[in-house]
Number of protein chains: 2
Amino acid sequence: MRRLDNIDLRLLRVFVTLADAGGFADAQILLNLSQSTLSTHLSALERKLGAPLCERGRRGFRLTEFGEATYDAAKRLFVEIDAFQSRIGRDRVKLMGQLRIGIVDGVATSPELGIHGALSRYCEYAPDVFIDLLLGIPAELETAVADGTRDVVVGPMSQKVPGLTYIPIYREPHALYCGGSHPLFGVPDDAIDRAAIEEAPFAVRGYLHFDDLYRANHPRPCGTVKHMEAQVMMVLSGRFIGFLPCHIGGDWVRRGLMRALMPKTYSFSSTHFVATRTADARRPVVQAFVREVKRQAAG
Amino acid sequence: MRRLDNIDLRLLRVFVTLADAGGFADAQILLNLSQSTLSTHLSALERKLGAPLCERGRRGFRLTEFGEATYDAAKRLFVEIDAFQSRIGRDRVKLMGQLRIGIVDGVATSPELGIHGALSRYCEYAPDVFIDLLLGIPAELETAVADGTRDVVVGPMSQKVPGLTYIPIYREPHALYCGGSHPLFGVPDDAIDRAAIEEAPFAVRGYLHFDDLYRANHPRPCGTVKHMEAQVMMVLSGRFIGFLPCHIGGDWVRRGLMRALMPKTYSFSSTHFVATRTADARRPVVQAFVREVKRQAAG
DNA sequence: TTAATACATTGATGATTTTCGATGTAACCG
DNA sequence: CGGTTACATCGAAAATCATCAATGTATTAA
C-alpha cells in the first residue's frame, strides 16, 4: 500500500522550488517556510530517493546529476498532474458562500500593496462568493478571526495567537511626520537635532506602541490612538509628531499639510500579514483569497 | 502551498482498487482495510473532486460517468508516476542491513503456504540483507516483535498488541488426529460417536487453547503444549487426541502413524498473519519481505 | 583567528491523516 | 414484517507530518 503511494509530491514541490530559487534563502520566501523546514524536507526527499539531489553549503548551490534528472522528471510529473485534473474537469471548482474579510485601516487604501486589486481578481475568480468587508484595528480583527467571526484579515499583527496562520505579505515603510502648524514644520532637516525630536510630544498607535517609541528613541508617548485616521488627526493638529505609513504621510506632504522629519534617520518598516484560522486556511473560498493577496503582494 | 499538493494519490489508489474490485467486499481484502476506512476514503475523494464517483448500495456498484473519467485519468496518472520513478532510476533501491525474521514452528515448513519461497525471492531481491531466522511460539515472537528484537514474524497471532500491524496472509486448515496406538485408531469414522471423542484425553496448544477446545466441544484439556512438535509427540504417544494443521497431520497419516478423526466434523482454520511494528512497516527492508510473503500467500 | 554564511540537526508541538469499532440506515429478500 | 446485505457515519485512538526555534557545524572571507 505504502510503496505505491507517496512519492510525496510535497517534497518534490519543495525541491523544485529550491532548485528554481537556487538556494534556501529565496525558497524560504517563495514557500513561506523556515530554513529548518526546507532543510528537513530536502533531506527527507534525498533519503526517500536514496541519493543526494544537490550540493549545498557555503560555496553555492548546485544540483547533482541525479538532482537534474529528478528535477526534470518532477516538472514533467507536475504537468501530468495538471493534465489529470483537467482530464477530470476539475481545474475550477465553483466557489460559493461568503467570505468575511477584515482589513486594518490604513492598509485598505495603500496603493503600494493594492489589496483592492486582489479583491478585484478574487471577485472575478469567485463571482458567487458574497463579500463582507470590515475595516478595523489589528487587535480587534485578530480577535475576530480567532473566534471565527472573520474568515481572513490583512494587516500588521501580533503573529502569536495559536490556531491562527499568518502569512507575511508586505513590508510597509513608515516615516516620522509633523503637521503644518508644528514648530518643526519649517525647519530644514539639517537644522533639526535629535534632541528636538525626542522632546517633541509624540503620538503612537497602540498596536505599534513599542515599535514607534523605539524607533524614535523617545522616552514616552504623549498621545495614543488606535486608528490610522486618528493618528493622522493627531499629527495634523500640529501638537504632536508621529509615525505614519509613507503612503499616507506622503499624501499629506503633497498637500502641504505635513512634512517628514529626517526620513533617513526616523524610518522603519512593519510587516503586514494575511491571517486565517489554521483550520480555515484550506477552505477553498478562503484559500483563493489568500492566494490572490499573495499574488498581489508579489507584484 | 496546499493547493498544489495532494490530489491525494492514496485516495485515488483506493478508488481505483475499489472500481477494479467492483465493490467494497473484495477491495477490503485487496487493500487490507476495514469497510469504514474504504467508505471514508471514497467519500473524501468525492468531496475533494466535488462530484460522486460511483453509485453503490444494495443494488450494486457502478461508476458514474465522472467516475469513469476519473478512473481512466487516474490509471494514466499512475503510469506517469511509474515513469517518473524509472526516469530518475529509482525503481530499485539497494536494500542493505539485516532482517530478523520470526516464524512460528509448524508454519515454517507448511508446503501450502511455502514461506521458503518468499524467503528465496526476498534473498534474490535483496541479496545484501543479512537474514536472521528464529523459530518460536506465537506469544514469544509477538513479544519479540513488539519490543523490537524481531523485525517481522509470521504465524497465528493475537492480533491485539497495540503498535503492531498485522496482515492476514493465510488460513491454515486443522483437523483432529490420534496416534497409531490410540484406542480410536482402528475404529472407522462412522463407528465413532462424538461422545467418545469428547471423553478422550485431549491435548491443546497453548496459543490456540480456546479454539481447540471449542472446536472439539471438549470440556477441558488434559495436556497442554506450546510447540507444534510437542503436540505431534502428544498425539503420537497414543494417549491424547489433538488438533494439528492438516499439512503436518497428513504427513503422519501417510506414514501410518496417525489418523484424522471425523475430519468433516472436527476441523477448522486458523489465520496466519505477518506482523511488524507499525513504525517498522515502511522500512524498505521489512516492507519488501512482507510483500514477498503476501505474494507467496496469494499464490 | 574571527566572523559571517549557509545549511544540518534536534526536540517539541500542533495539526492532520489514517484507521478502526460501533452503530445507523436504506434497499432488497423472503 | 424481520432479517440480510452493503454501505454511511461517528467518535476516538494512533501514527504521521509539518513546522519552528534553538543550536551545531563546516566553509569561506576578512
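Below, chain A is the first sequence line, B the second, and so on; all start at residue 1.
- Nucleic acid contact class of B:Ser34 (heavy atoms, under 4.0 Å, all strands): base.
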Decide yes or no on side-chain hydrogen bond (donor to acceptor under 3.5 Å, both in side chains) for B:Ser34 and B:Thr37, but give the supporting numbers first.
-> CA-CA 5 Å; B:Ser34 77; B:Thr37 303; 2.9 Å; yes
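- Distance CG (B:Asp280) to C1' (D:dT16): 15 Å, rounded to an integer number of Å.
- Residue B:Arg10 places none of its side-chain N or O atoms closer than 4.0 Å to OP1 or OP2 of C:dT16.
- The phosphate of D:dC17 has neither OP1 nor OP2 within less than 4.0 Å of any side-chain N or O from A:His41.
- In this structure, the CD1 atom of A:Ile167 is 11 Å from the P atom of D:dC20, given to the nearest Å.
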Taking protein heavy atoms under 4.0 Å as touching, what does nucleotides 5-11 of chain D look like 5' to 3' if B marks base contact, S marks sugar-phosphate-only contact and - marks none?
-> BSBBB--
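- A:Thr165 and A:Thr278 form a side-chain donor-acceptor contact under 3.5 Å, judged by distance and modelled atom types alone.
- Between B:Arg283 atom CZ and D:dA15 atom P there is a gap of 16 Å when expressed in whole angstrom units.
- The distance from atom CG of A:Leu164 to atom P of C:dT13 is 20 Å, rounded to the nearest whole Å.
- In this structure, A:Leu11 atom CG and D:dT16 atom C1' are separated by 13 Å, rounded to whole Å.
- Looking at the side chain of B:Leu33, the nearest of the listed nucleotides D:dT19, C:dT16, C:dT19 is C:dT19.
- In terms of heavy-atom proximity, B:Val145 sits nearest to B:Ala275 at CG2-O, 3.9 Å.
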Could you give me the CA-CA distance, side-chain angles and deciding distance for A:Asp72 and B:Arg87, then say whether salt bridge (Lys or Arg N to Asp or Glu O under 4.0 Å) is met?
-> CA-CA 9 Å; A:Asp72 293 340; B:Arg87 258 179 227 122; over 6 Å; no
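- Proximity of B:Asp151 to B:Val285: side-chain heavy atoms (C-beta onward) are nowhere separated by under 4.5 Å.
- A salt bridge is absent between A:Lys75 and A:Glu68; no separation between the charged side-chain nitrogens and carboxylate oxygens falls under 4.0 Å.
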